[in-house]
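In the text below, chain A, chain B and the rest are named by the order of the sequence lines, each starting its count at 1. Computed from a prediction, not measured in an experiment: that's the story for all the values here. Atoms considered below: every heavy atom in the structure, side chains included; atoms not considered: hydrogens, waters and symmetry mates.
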Amino acid sequence: GRSQLFATVVDTFLEKLVAAGSYQRFASCYRRFYKLQPQVTKSIYEQFISQLQSSVREEIEEVKAEGNLEKLFSSLDKIVEEAKNREEPAWRPSGVPEEDTGSAMLPYLLKHRAFLLRILGEKQQENSRAAEAVLAGRGRIRELQQLIEDHRQAWQ
Amino acid sequence: SVNPMAYEAQFFGFTPQTCMLRIYIAFQDYLFEMMQLVESVILKKLDGFPDCKISPSEIRKSTEKFLLFMKEHFDKLFSKMEEVLLQLVLNIPKNVLLPEDKVHEQYPYSKEQFQELQEEIQQLQQQYKAEAAAGQALRAELEEQKAVQTELEKILKWFEGLENICREHGTSNFKESFAFLTQNAKKLQDVLKDVEEKSR
Amino acid sequence: GDYLQTSQQEILSSKPNYQKVLDEQGEVLSCMELVLNELQQAVKLLQ
């Protein structure tokens, strides 16, 4: 996993750095002091290496904690594993926010369209029933008008 | 061409290059700090040897020599470490899609199709508004009809009332009764005329 | 005019003038008043 790889790479870096800055090299740079105080030189060198290693490791831990890297590495490993059977390149942001937010909006727009179609259908049905009642009402009013006219004519 | 690693930044919350730069600067600072500390410890130890002929500037030269050597190796090794971390740890392979972006592959709509969809939605919204207005108009007409029907029924009832009164007073067919009355009145007039002539 | 492009546009655009319907009834009642007055006068004359 990424977490393990990260730790290994940092350890390797430190190992090689310590190997390069060997005691021999240190002593050869501080030759006169080494000749004067070999034990002290050794002690100073060991403390220097130890302190450098612990500072480096502390910094790495801090970076991991701040960035929540352990969790992210584990999560990314899982995502990569799930995509292992896929060969073709995956979608990537186009860099044009309009396009990218557009496709993120799509499911909501499709839902909204389906909703509108449904309520439009319901409204049209409702209106159809109301229209039937209106037509019946108009018919009844015509009937009443005719009856009144018949009575009037008869009296006349 | 620099790879901005924007997709990685989306996942991690920082660009990998920024992370590596931070680590580099921190490591470098520690190296310099440690070397300064080493030098100051050596100089302190030398204070205990007033007869020795090692000058502070000599110690400084030694420190610089060792530091230069360490920095060279540090830079080389860090560069290799950075390469590995950017390629294998802080990267998202090309075939990997982050979960939050699944929607882009589930709904592959082109720009034109998206626009069409938006227009269709707008149209549906207008249609719905129009239907809602039509519904209101129909219901308003039903209310008007109720009022008009009530008035017409009142008038019809009045006619029926009038005809009932006539029936109650023995005139079920007003036309016939009126014709009969007119006839009788005419007969009466004729009889009266007769009587007047005969009495003259 | 919003609803003229709807499923009920035919019905809505053929709405009768209900005010006119009621106004016409006023005429009917005026006519009946005349008819009944005439009848009343005729019956009085006959009487």
Between chain C and chain A, identify all donor-acceptor pairs below 3.5 angstrom, including backbone and side-chain atoms.
from: C/Ile11; atom 1: O; to: A/Arg138; atom 2: NH1; distance (Å): 3.4
from: C/Ile11; atom 1: O; to: A/Arg138; atom 2: NH2; distance (Å): 2.9
from: C/Ser14; atom 1: O; to: A/Arg138; atom 2: NH1; distance (Å): 3.2
from: C/Ser14; atom 1: OG; to: A/Arg138; atom 2: NH1; distance (Å): 3.1

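For A/Leu147, the side-chain contact (heavy atoms from CB on, under 4.5 Å) partners at least two apart in sequence or on another chain are B/Leu156. With sequence neighbours left out, A/Ala83 forms a side-chain contact (heavy atoms from CB on, under 4.5 Å) with B/Asn95, B/Val96.
Of the atoms belonging to C/Leu34, not a single heavy atom falls under 4.5 Å from chain A. Heavy atoms of C/Leu29 lying under 4.5 Å from chain A are absent altogether.
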